[in-house]
Every structure is written in C-alpha cells, then in structure tokens.
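The structure under discussion appears below in the form of structure tokens.
Counting from 1, the numbers follow the sequence of the chain as shown. This one's a predicted model, so the numbers in the text were calculated from it and none came from an experiment.
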Amino acid sequence: MMYENLSPKQLKSMLWWSQTDTKNFDSIVCDGSVRSGKTMSMTVGFVLWSMKNFNGENFAFCGKTIDSLKRNVITPMQKWLEGVVKIKINLSSNFLDISLYGHTNRYYFFGDKDESSYQLIQGITLAGILLDEDNVNKFFKFYWQKTTQSFFNEFV
C-alpha cells in the first residue's frame, strides 16, 4: 500500500520508535477523533517496530472482542502492510506470524470483554502489546505487568 499525505501526528505515532525525541519511550497513547488514522498508524508502527527489534518473539493484538479486533485491525492490516511484510494468519487459533528483515514473530489476538479476560494471557511472555480501543480494567493492568513494551491506541 502506498502511504500518501500522512499527517504529522500519524507519522509520529507510526515512527515514534525511530525518532530521537521519542525512541526511548516504553509506550505511547493515541487519542483523537473517529477515522483520523490512529488504528492504521499505530498498527503499522507496532509491526515495523517489533519486526526491526525482535525475532522469534510473541506479541499481542488486543481489542474489545476478538471479532472487533479482526474486523478493525487484523483484516485491514493485511492491506496496510501488503508488499512490506509476509503475513501468515491462523484465524481459527487466533494468531498470525509476520516475517520481515529475516525475522519472524508471532502475534496473538485477545479480546477484553470483561474483567476476567486477563486470565487469557496468563502464562505467556509477550515482547509487546497493541491495545486497540481497550477498556481500563484488570486485563489492562495485567498487560502492563506482562511487558514493558506496549503500544496503546485510544486508551484515554
């Protein structure tokens, strides 16, 4: 996909990890109007960051439900990253593998429908997390304990 006319905020949220004034941050939060490109820029940035810095690691994409995550992030991500990365999706097992730069990482899908959802990620070590439209509850708090490298979209 060709990216044209990205706003300064979209570029910042996509490439914060490579910019001198923000590259030492452990996480970022994007908040803004509907259809402003937050999900696209955060998702592309999360994947590029993880592929550049890690190999053979586990990551998580998290949304309100797995279905909404697949609809809002996983399905459009294939178009957003077309020609950039190789994506192998296993929808029935709720994960995908992404390859780039000779690295391959696994990305699990999690829903956060209620306060018991945090139990879904117990026992897995994650190198990073993208939270899309996540609710603040025990699941979020558990994410934060599982990793220090997190991306947040529409958390506030």
Next item on the list: Could you tell me how the ring of Phe59 sits relative to the ring of Phe54: parallel (under 30°), tilted (30 to 60°) or perpendicular (over 60°)?
Entry: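 Rings of Phe59 and Phe54: perpendicular, over 60°.
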
Next item on the list: Take the angle between the ring planes of Phe110 and Tyr108 and call it parallel below 30°, perpendicular above 60°, tilted in between.
Entry: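 Ring orientation, 0 to 90° scale: tilted.
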
Applying side chain to side chain contact (heavy atoms under 4.5 Å, CB included), can you list everything that pairs with [X], at least two apart in sequence or on another chain?
X      : result
Ser93  : Asn90, Phe95
Asp21  : Lys12, Gln19
Leu100 : Leu48, Met51, Val85
Lys86  : Ser99

Would you say [X]'s side chain and [Y]'s backbone share a donor-acceptor pair under 3.5 angstrom?
X      : Y     : value
Thr43  : Met40 : no
Asp132 : Cys62 : no
Ser13  : Lys9  : yes

Next item on the list: Sequence neighbours left out, what passes side-chain hydrogen bond (donor to acceptor under 3.5 Å, both in side chains) with Asn94? Give chain and number order.
Entry: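 With sequence neighbours excluded, Asn94 shows a side-chain hydrogen bond (donor to acceptor under 3.5 Å, both in side chains) to Lys70, given in chain and number order.
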
Check: Passes side-chain contact (heavy atoms from CB on, under 4.5 Å), Thr104 versus Lys88? Steps please.
Finding: CA-CA 10 Å; Thr104 299; Lys88 183 178 176 185; over 6 Å; no

Note to self: Let me confirm one number: the NZ-CH2 distance from Lys52 to Trp17, rounded to the nearest 0.5 Å.
What the structure shows: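 Output value for this atom pair is 6.5 Å.
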
Next item on the list: Calculate, to the nearest 0.5 Å, the distance between atoms CH2 and CZ belonging to Trp16 and Phe46 respectively.
Entry: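 Reported to 0.5 Å precision, the distance equals 10.0 Å.
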
Nearest atoms (heavy-atom pairs only) where [X] meets [Y]:
X      : Y      : answer
Phe109 : Tyr107 : CE2-O, 3.7 Å
Asn72  : Trp80  : O-CH2, 3.9 Å
Val73  : Thr39  : CG2-CG2, 3.8 Å
Asn5   : Gln10  : O-OE1, 4.3 Å
Gln78  : Ile87  : CA-CD1, 4.2 Å

Note to self: With side-chain contact (heavy atoms from CB on, under 4.5 Å) as the criterion, how do Asn58 and Leu126 come out once you've worked through the C-alpha distance, each side chain's angles and the decisive distance to 0.1 Å?
What the structure shows: CA-CA 5 Å; Asn58 293 318; Leu126 300 169; 4.0 Å; yes

Checklist line | Under the salt bridge (charged side-chain N to carboxylate O under 4.0 Å, His left out) test, residues paired with Asp97 that sit two or more places apart | finding: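 Listed in chain order: Arg106.
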
Note to self: Quick one, Arg71 and Ser68 - any side-chain contact, counting heavy atoms below 4.5 Å?
What the structure shows: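 Yes, close enough: below the 4.5 Å cut-off.
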
Next item on the list: Give me the one residue out of Leu131, Val47, Leu130 that meets side-chain contact (heavy atoms from CB on, under 4.5 Å) with Met42.
Entry: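 Looking at Leu131, Val47, Leu130, the match for Met42 under the side-chain contact (heavy atoms from CB on, under 4.5 Å) is Leu130.
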
